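Heads up, the thing below is written out as structure tokens.
Owing to the predicted nature of the structure, the values given are computational and were not obtained by experimental measurement.
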Amino acid sequence: MSLQEAQERVDQWITTTGVRYFNELTNMAILTEEVGEVARIMARRYGEQSEKESDKGKDLGDEMADVLWVLICLANQTGVNLTDAFEKNLAKKTVRDQDRHKNNPKLQ
């Protein structure tokens, strides 16, 4: 599925099943909450924190998909074409960081 298709499918789901979009500020708060859930899994599963029993069954992919879902909602609400935005962002990083990481002794 392309980013454009994902934006269209989310919009279709919102308008048929979800009734309407939450407002942008509500979705921003939800996005922050969902990123926090990803951070919790990462810190406990891959970081130094001990994983709680209640966290062991959490699906990292599902939590990441929740982040993507809300991000797509915000893109739809604000008129951002994520395909165009991602392509521009990748081009910017390619020019800006062409040698940056190659010359980083921390990555050698």
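Interatomic distance, Glu87 CD to Asp84 CG, rounded to the nearest 0.5 Å: 6.0 Å. Note that CG of Asn76 and CD of Glu24 are 11.0 Å apart. Values are rounded to the nearest 0.5 Å. Put simply, CD on Glu37 and CE on Met42 are 14.5 Å apart, with the number rounded to the nearest 0.5 Å. For the atom pair Ile72 CD1 and Asp11 CG, the distance stands at 11.0 Å (nearest 0.5 Å). Considering CE of Met28 and OG1 of Thr78, their distance stands at 11.0 Å, rounded to 0.5 Å.
Counting non-hydrogen atoms of neighbouring residues, nucleotides and ligands closer than 6.0 angstrom, the CD atom of Gln108 exceeds 12 such neighbours. With a 6.0 Å radius and a threshold of 12 heavy atoms from other residues, nucleotides or ligands, Arg45 has its CZ atom above the threshold.
Using a distance-only test at 3.5 Å, with no hydrogens or angles considered, no donor-acceptor pair links the side chain of Asp99 to the main chain of Lys102. Glu33 places no side-chain N or O within 3.5 Å of a backbone atom of Ala29 that could act as its donor or acceptor partner. Between the side chain of Glu63 and the backbone N or O of Leu60 there is no donor-acceptor pair closer than 3.5 Å. Not a single donor-acceptor pair under 3.5 Å links the side chain of Asp97 to the backbone N or O of Arg100. Between the Gln7 side chain and the Val80 main chain, a donor and an acceptor come within less than 3.5 Å of each other.
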Item to check | Chi angles and distances behind the side chain to side chain contact (heavy atoms under 4.5 Å, CB included) call for Phe22, Ile14 | outcome: CA-CA 9 Å; Phe22 296 128; Ile14 292 290; over 6 Å; no
Next on the checklist: With side chain to side chain contact (heavy atoms under 4.5 Å, CB included) as the criterion, how do Val35 and Val38 come out once you've worked through the C-alpha distance, each side chain's angles and the decisive distance to 0.1 Å?
Outcome noted: CA-CA 5 Å; Val35 169; Val38 170; 5.6 Å; no
Item to check | side chain to side chain contact (heavy atoms under 4.5 Å, CB included) between Lys56 and Lys52, intermediate numbers included | outcome: CA-CA 7 Å; Lys56 289 185 179 176; Lys52 293 181 177 180; over 6 Å; no
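Between Asp55 and Arg44, the shortest heavy-atom distance links the atoms OD2-NH1, 2.8 Å. Leu31 and Val67 make their closest contact through CD1-O, 3.6 Å (heavy atoms, listed as atom of the first residue, atom of the second, distance). Considering every non-hydrogen atom in both Lys58 and Ile41, the closest pair reads CB-CD1, 3.6 Å.
If you check the side chains of Glu8 and Gln12, you find no donor sitting under 3.5 Å from an acceptor. No side-chain donor-acceptor contact under 3.5 Å links Asn27 and Tyr21.
No side-chain heavy atom of Leu82 sits less than 4.5 Å from a side-chain heavy atom of Phe86.
Met64 and Tyr46 end up in the same hydrophobic cluster when Ile, Leu, Val, Met, Phe, Trp and Tyr side chains are linked at under 4.5 Å.
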